[in-house]
Amino acid sequence: QVQLVESGGGLVQAGGSLRLSCAASGSILSINVMGWYRQAPGKQRELVAVITGGGNTNYADFVKGRFTISRDGAKNTVYLQMNSLQPEDTAVYFCYSTVRSYINPAAAPYWGQGTQVTVSS
């Protein structure tokens, strides 16, 4: 099996920064894509940023210029550096990855449990 574990969430004031981390572990053969989604109360889960195995990145318009996604392939870890945070960024942030495992050699989606990010005004 594969597990994704997030860390780095917390409470910050508007204009502050946080760095989220997500480490994948388990019977991993390879990881195709890693990324971040978020879900605010009463809202649908939305994509924040993704990064491919080749290092290509895509960002939602509302975070361009403020957030940066990166990846450490040797550690099976993805990061999200969040700068200039605003109250509207408040949400639970979920790690996402498509992974091939020894148990299931076909690429399959996996989700972390989420980490809370709260931005106060």
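Predicted model, so just to flag it, every value in this text is computed and none were measured.
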Do the side chains of [Y] and [X] get nearer than 4.5 Å, heavy atoms only?
{"X": "Met82", "Y": "Trp36", "value": "no"}
{"X": "Glu88", "Y": "Val119", "value": "no"}
{"X": "Val5", "Y": "Ser25", "value": "no"}

Quick check for you: to the nearest 0.5 Å, what is the distance between [X] atom [atom1] and [Y] atom [atom2]?
{"X": "Phe67", "Y": "Thr57", "atom1": "CZ", "atom2": "OG1", "result": "14.5 Å"}
{"X": "Asn32", "Y": "Thr98", "atom1": "CG", "atom2": "OG1", "result": "4.0 Å"}
{"X": "Leu85", "Y": "Leu18", "atom1": "CG", "atom2": "CG", "result": "5.5 Å"}

More than 12 foreign heavy atoms under 6.0 Å from [atom1] of [X]: is that the case here?
{"X": "Tyr102", "atom1": "OH", "value": "no"}
{"X": "Gln39", "atom1": "CD", "value": "yes"}
{"X": "Gln13", "atom1": "CD", "value": "no"}

Could you check whether any side-chain N or O of [X] sits under 3.5 Å from a backbone N or O of [Y], counting only pairs where one atom can act as donor and the other as acceptor?
{"X": "Asp89", "Y": "Gln86", "result": "yes"}
{"X": "Thr115", "Y": "Tyr93", "result": "no"}
{"X": "Gln113", "Y": "Glu6", "result": "no"}
{"X": "Arg100", "Y": "Leu29", "result": "no"}
{"X": "Thr52", "Y": "Val33", "result": "no"}
{"X": "Tyr96", "Y": "Leu47", "result": "no"}

Contact summary for [X] and [Y], nearest pair of heavy atoms:
{"X": "Asn104", "Y": "Ala108", "result": "ND2-CB, 3.7 Å"}
{"X": "Asp61", "Y": "Lys64", "result": "OD1-NZ, 3.2 Å"}
{"X": "Ile31", "Y": "Arg71", "result": "O-NH2, 3.0 Å"}
{"X": "Ser101", "Y": "Val2", "result": "CB-CG2, 3.8 Å"}
{"X": "Ile69", "Y": "Gly35", "result": "CD1-CA, 4.0 Å"}
{"X": "Ser97", "Y": "Leu4", "result": "N-CD1, 3.8 Å"}

**Request:** With sequence neighbours left out, write down each residue that passes side chain to side chain contact (heavy atoms under 4.5 Å, CB included) with Arg19, or none if nothing qualifies.
**Result:**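 Scan of Arg19 (side chain to side chain contact (heavy atoms under 4.5 Å, CB included), adjacent residues dropped) gives Ser70, Tyr79, Gln81.
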Using the rule that Ile, Leu, Val, Met, Phe, Trp and Tyr join whenever any side-chain heavy atoms are under 4.5 Å apart, tell me whether [X] and [Y] fall into a single cluster.
{"X": "Ile51", "Y": "Val99", "value": "yes"}
{"X": "Met34", "Y": "Tyr110", "value": "yes"}
{"X": "Leu80", "Y": "Phe62", "value": "yes"}

**Request:** Please report the C-alpha distance between Thr118 and Ser120 in whole Å, then the side-chain angles of each, then the deciding distance to 0.1 Å, and finally whether the side chain to side chain contact (heavy atoms under 4.5 Å, CB included) criterion is met.
**Result:** CA-CA 7 Å; Thr118 303; Ser120 65; 5.7 Å; no
**Item:** Derivation and outcome, side chain to side chain contact (heavy atoms under 4.5 Å, CB included), residues Leu20 and Val117
**Value:** CA-CA 9 Å; Leu20 306 183; Val117 172; 4.2 Å; yes
